Q: 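This structure is in C-alpha cells; I'll ask about it shortly.
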Amino acid sequence: QVQLGESGGGWMQAGGSLTLSCTVSGSTFNSYEYAVGWFRQAPGKEREFVAALSRSSYKYYADSVKGRFTISRGDVRTTVILQMEKLKPEDTAVYYCATGRPVLSSIRDPALYRYWGQGTQVTVSS
C-alpha cells in the first residue's frame, strides 16, 4: 500500500505565497516508477490538475498556475513540494497530492492516479 500526506495549507491574502508538502510512504512505492501530482477541488467544481512531477522529474503545470506555482522534490525523493506564489482568490480549493503511473501524455488526468492524500485547504482572500 501507498500512503500520502499533505501539509502546509492555510489562509493567505491575494498576492501572497504558500508552500504545500506531500510525503509519500509505503513499501510498494518507488519514486523512480511513480509520478506525483497536485490537484485541487473548489466547492461545486470538479477536481482539476494543478501540477505534476514525472518519475523522471519532468514538470507539468496547468495553464492557470504556470509562472506562479513551482513543483519540486524535497530533500528526499518521497517528498514533493508545491510552491505557490502570487496567489489569487480563484486558487481557493482543497489541494490533494496523488501518485500513480500515468503515461506522460495523460499525466494531467486524475483518473490515472491510484493513491490520494486526504487533502489540505488553501483559502486566498481578496
Side-chain angles (χ1 to χ4, degrees):
Q1 279 293 337
V2 177
Q3 295 85 39
L4 297 94
E6 305 96 338
S7 62
W11 175 89
M12 179 55 64
Q13 282 190 323
S17 302
L18 283 173
T19 299
L20 304 183
S21 179
C22 173
T23 300
V24 188
S25 61
S27 59
T28 57
F29 177 74
N30 185 331
S31 65
Y32 292 97
E33 296 180 0
Y34 284 77
V36 177
W38 283 97
F39 297 83
R40 66 187 182 187
Q41 189 166 18
K45 294 187 176 181
E46 291 188 355
R47 192 167 296 187
E48 65 174 3
F49 170 77
V50 176
L53 197 62
S54 75
R55 58 185 183 179
S56 301
S57 297
Y58 288 110
K59 301 177 182 181
Y60 300 83
Y61 297 97
D63 288 343
S64 59
V65 306
K66 200 172 293 183
R68 300 189 297 121
F69 291 12
T70 303
I71 190 169
S72 63
R73 294 201 187 276
D75 292 339
V76 294
R77 284 188 64 90
T78 53
T79 300
V80 175
I81 306 295
L82 184 69
Q83 261 185 294
M84 306 185 296
E85 299 177 345
K86 300 177 184 177
L87 284 163
K88 303 176 181 180
E90 50 263 44
D91 294 320
T92 296
V94 177
Y95 283 69
Y96 300 88
C97 67
T99 190
R101 298 180 179 179
V103 296
L104 292 182
S105 60
S106 300
I107 202 167
R108 293 173 174 82
D109 186 350
L112 299 182
Y113 288 75
R114 182 175 180 182
Y115 302 101
W116 291 79
Q118 294 298 308
T120 184
Q121 176 71 44
V122 171
T123 303
V124 183
S125 66
S126 57

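Values in this document were obtained by computation on a predicted structure and should not be read as measured data.
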Q: List the atom of R55, the atom of R73, and the distance in Å for their closest heavy-atom pair.
A: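 What the structure gives for the nearest pair is O-NH2, 4.0 Å.
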Q: Please say whether the positively charged group of R40, taken as NZ for Lys or CZ for Arg, lies over the ring of Y96, i.e. under 6.0 angstrom from the six-membered ring centre and within 45 degrees of the axis.
A: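 The answer is no, since R40 fails at least one limit relative to Y96.
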Q: Side chains of D109 and P102: closer than 4.5 Å at any heavy-atom pair?
A: no
Q: Taking a hydrophobic cluster as the set of Ile, Leu, Val, Met, Phe, Trp and Tyr residues connected by side-chain heavy atoms closer than 4.5 Å, whether directly or through intermediates, do L104 and V36 fall within one such cluster?
A: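 No.
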Q: Measure from the side-chain N and O atoms of Q41 to the backbone N and O of A93, and report whether any donor-acceptor pair falls under 3.5 Å.
A: no
Q: More than 12 heavy atoms of other residues, nucleotides or ligands under 6.0 Å from CZ of R114: is that the case?
A: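 No, the 6.0 Å shell around CZ holds no more than 12 heavy atoms from other groups.
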Q: Count I, L, V, M, F, W, Y as connected when their side-chain heavy atoms are under 4.5 Å apart, and connections chain through other members. Are F29 and I107 then in the same cluster?
A: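 No: no chain of side-chain contacts under 4.5 Å links F29 to I107.
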Q: Is it true that a side-chain atom of S56 and a backbone atom of Y58 form a donor plus acceptor pair closer than 3.5 Å?
A: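 Such a contact is absent between S56 side chain and Y58 backbone.
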Q: Distance check, rounded to the nearest 0.5 Å: C22 atom SG versus E6 atom CD?
A: 6.0 Å
Q: Using the six-membered ring wherever Trp is involved, compare the ring planes of F39 and W116 and label them parallel, tilted or perpendicular (cut-offs 30° and 60°).
A: tilted
Q: Measuring from Y113:OH to C97:SG, what's the distance to the nearest 0.5 Å?
A: 11.0 Å
Q: Please report the interatomic distance OG(S72) to CD(Q83), rounded to the nearest 0.5 Å.
A: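 Going from the OG atom of S72 to the CD atom of Q83 covers 6.0 Å.
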Q: Got a second to check how far Y60's OH is from I71's CD1, nearest 0.5 Å?
A: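 With rounding to 0.5 Å, OH (Y60) is 11.5 Å from CD1 (I71).
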Q: Is any side-chain heavy atom of V80 closer than 4.5 Å to one of V24?
A: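 With C-beta onward as the side chain, the pair stays apart.
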Q: Is there a path from V122 to V65 through hydrophobic residues (I, L, V, M, F, W, Y) whose side chains come within less than 4.5 Å of each other?
A: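 Linked, V122 and V65 end up in one cluster.
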Q: For Q118, is the CD atom crowded, meaning more than 12 foreign heavy atoms sit under 6.0 Å from it?
A: no
Q: More than 12 foreign heavy atoms under 6.0 Å from CD of E46: is that the case here?
A: no
Q: Please check: side-chain N/O of T92 versus main-chain N/O of V124, any donor-acceptor pairing under 3.5 Å?
A: yes
Q: Which pair of heavy atoms, one from S106 and one from L112, lies closest together, and at what distance?
A: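 Smallest heavy-atom distance, with atoms named: CB-CD1, 3.2 Å.
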Q: Do the side chain of R68 and the main chain of K86 share a donor and acceptor less than 3.5 angstrom apart?
A: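 A pair under 3.5 Å: yes.
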Q: Looking at Y32, I'd like to know if the NZ or CZ of R77 sits under 6.0 Å from its six-membered ring centre while staying within 45 degrees of the ring's axis.
A: yes
Q: Is the shortest side-chain N to carboxylate O distance from D91 to K88 below 4.0 Å?
A: no
Q: Does A35 offer a backbone N or O that forms a donor-acceptor pair with the side chain of T99 under 3.5 Å?
A: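 Yes, T99 side chain to A35 backbone: donor-acceptor pair under 3.5 Å.
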Q: Distance check, rounded to the nearest 0.5 Å: F69 atom CZ versus Y61 atom OH?
A: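 So the gap between those two atoms works out to 10.5 Å.
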Q: Is there a side-chain contact between Y34 and Y115 in this structure, where contact means two heavy atoms from C-beta onward sitting under 4.5 Å apart?
A: yes
Q: Compare every heavy atom of V94 with every heavy atom of Q121, then report the nearest pair and how far apart it is.
A: OE1-CG2, 3.2 Å
Q: Nearest 0.5 Å please: distance from the CG atom of L20 over to the CH2 atom of W38.
A: 4.5 Å
Q: For a 4.5 angstrom cut-off between non-hydrogen side-chain atoms, does W11 reach L18?
A: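 Not touching, per the 4.5 Å side-chain cut-off.
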